Amino acid sequence: EVHLVESGGGSVQAGGSLRLSCAVSGNTAGFNTITWFRQVPEKEREGVAVIFTNNGATQYDASVKGRFTTTRDNVGSTVYLQMNSLKVEDTAKYYCAAGSGINWYYWRHPVEYHNWGRGTQVTVSQ
């Protein structure tokens, strides 16, 4: 019932910024998180950032902490990932996912999520 659509990806030079959007629609009752993941070919999908939609609390993977910020709009229909000081190693396809009953301690595990967007590509060049 929940649909998620990512947008805002593109190509940027190292040190630049991008803002990704995750548009959320459908029945969001019972979901407590919108989480950003990223994946490159032949590597595991990894959690990047999470926002707990009930209170706005956030967590970040150590690799992006201090550079990325995730926020939500006032009506909760869109979640954003502001990416600053981008590095080449940030290059990946970025996904948003909706989770229910997501724990503070296991938010970054893809297996815990069952509603995903199709992803948006971010490419950072040197």
Side-chain angles (χ1 to χ4, degrees):
E1 284 283 342
V2 175
H3 296 86
L4 306 100
V5 180
E6 303 93 339
S7 62
S11 297
V12 65
Q13 200 162 14
S17 298
L18 286 173
R19 188 179 75 164
L20 306 184
S21 298
C22 176
V24 183
S25 61
N27 186 6
T28 60
F31 289 92
N32 73 322
T33 56
I34 299 293
T35 303
W36 292 95
F37 292 83
R38 65 186 180 187
Q39 188 171 29
V40 298
E42 301 183 348
K43 294 186 67 177
E44 295 180 347
R45 191 169 297 186
E46 62 179 10
V48 176
V50 60
I51 184 164
F52 288 79
T53 54
N54 62 327
N55 58 15
T58 58
Q59 287 202 82
Y60 302 90
D61 184 78
S63 64
V64 305
K65 193 174 182 65
R67 300 187 297 117
F68 291 11
T69 304
T70 187
T71 58
R72 61 179 175 175
D73 64 15
N74 289 333
V75 296
S77 61
T78 305
V79 173
Y80 302 96
L81 183 67
Q82 179 67 46
M83 305 184 294
N84 297 326
S85 302
L86 282 162
K87 304 175 180 179
V88 172
E89 51 263 44
D90 294 319
T91 295
K93 193 168 186 178
Y94 284 72
Y95 301 84
C96 60
S100 59
I102 299 299
N103 186 270
W104 184 258
Y105 302 101
Y106 61 77
W107 65 271
R108 68 188 313 277
H109 301 302
V111 70
E112 303 293 335
Y113 295 82
H114 305 287
N115 298 91
W116 295 84
R118 293 184 181 272
T120 185
Q121 179 68 38
V122 172
T123 301
V124 184
S125 60
Q126 190 66 56

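Remember, it's a predicted structure, so these values are computed and weren't measured experimentally. Computed over heavy atoms, backbone and side chain alike; hydrogens, waters and symmetry mates excluded. Throughout, residue positions are numbered sequentially from 1 according to the sequence presented.
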Which label fits Phe37 and Trp116: parallel for a plane angle under 30°, tilted from 30 to 60°, or perpendicular past 60°?
tilted
Restricting to non-hydrogen atoms, name the atom on [X] and the atom on [Y] that form the minimum distance, rounded to 0.1 Å.
X	Y	value
Ser125	Val88	C-CG2, 4.1 Å
Ser85	Ser17	N-OG, 4.3 Å
His114	Val111	CE1-O, 3.8 Å

Neighbour count above 12 (heavy atom, 6.0 Å) for Glu44 CD:
no
Any donor and acceptor pair, going by atom type alone, linking the side chain of Asn32 with main-chain N or O of Ile102 inside 3.5 Å?
yes
Does some side-chain heavy atom of Tyr113 sit less than 4.5 Å from a side-chain heavy atom of Trp107?
yes
Any heavy-atom pair between the side chains of Ser21 and Thr78 that's under 4.5 Å?
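Yes - at least one pair of side-chain heavy atoms lies under 4.5 Å apart.
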Atom [atom1] of [X] and atom [atom2] of [Y]: how far apart are they, to the nearest 0.5 Å?
X	Y	atom1	atom2	value
Ser11	Gln121	OG	CD	8.0 Å
Asp61	Arg108	CG	CZ	4.5 Å
Thr28	His3	OG1	NE2	13.0 Å
His109	Glu46	NE2	CD	12.5 Å
Lys93	Gln39	NZ	CD	9.0 Å
Lys65	Gln59	NZ	CD	7.5 Å

Other cluster members, Val124 - Ile/Leu/Val/Met/Phe/Trp/Tyr, side-chain contacts below 4.5 Å:
Val2, Leu4, Val12, Leu18, Leu20, Val24, Phe31, Ile34, Trp36, Val48, Ile51, Tyr60, Val64, Phe68, Val79, Leu81, Met83, Leu86, Tyr94, Val122
Any salt bridge between Arg118 and Glu6, counting N to O under 4.0 Å?
no
Are Tyr105 and Val50 connected in a single hydrophobic cluster, I mean Ile/Leu/Val/Met/Phe/Trp/Tyr linked by side-chain heavy atoms less than 4.5 Å apart?
yes
Could you go step by step and tell me if Ser63 and Arg38 meet the side-chain contact (heavy atoms from CB on, under 4.5 Å) rule?
CA-CA 12 Å; Ser63 64; Arg38 65 186 180 187; 3.1 Å; yes
Could you check, using the six-membered ring where one of them is a Trp, whether Phe52 and Trp104 have ring centers closer than 6.0 angstrom?
yes
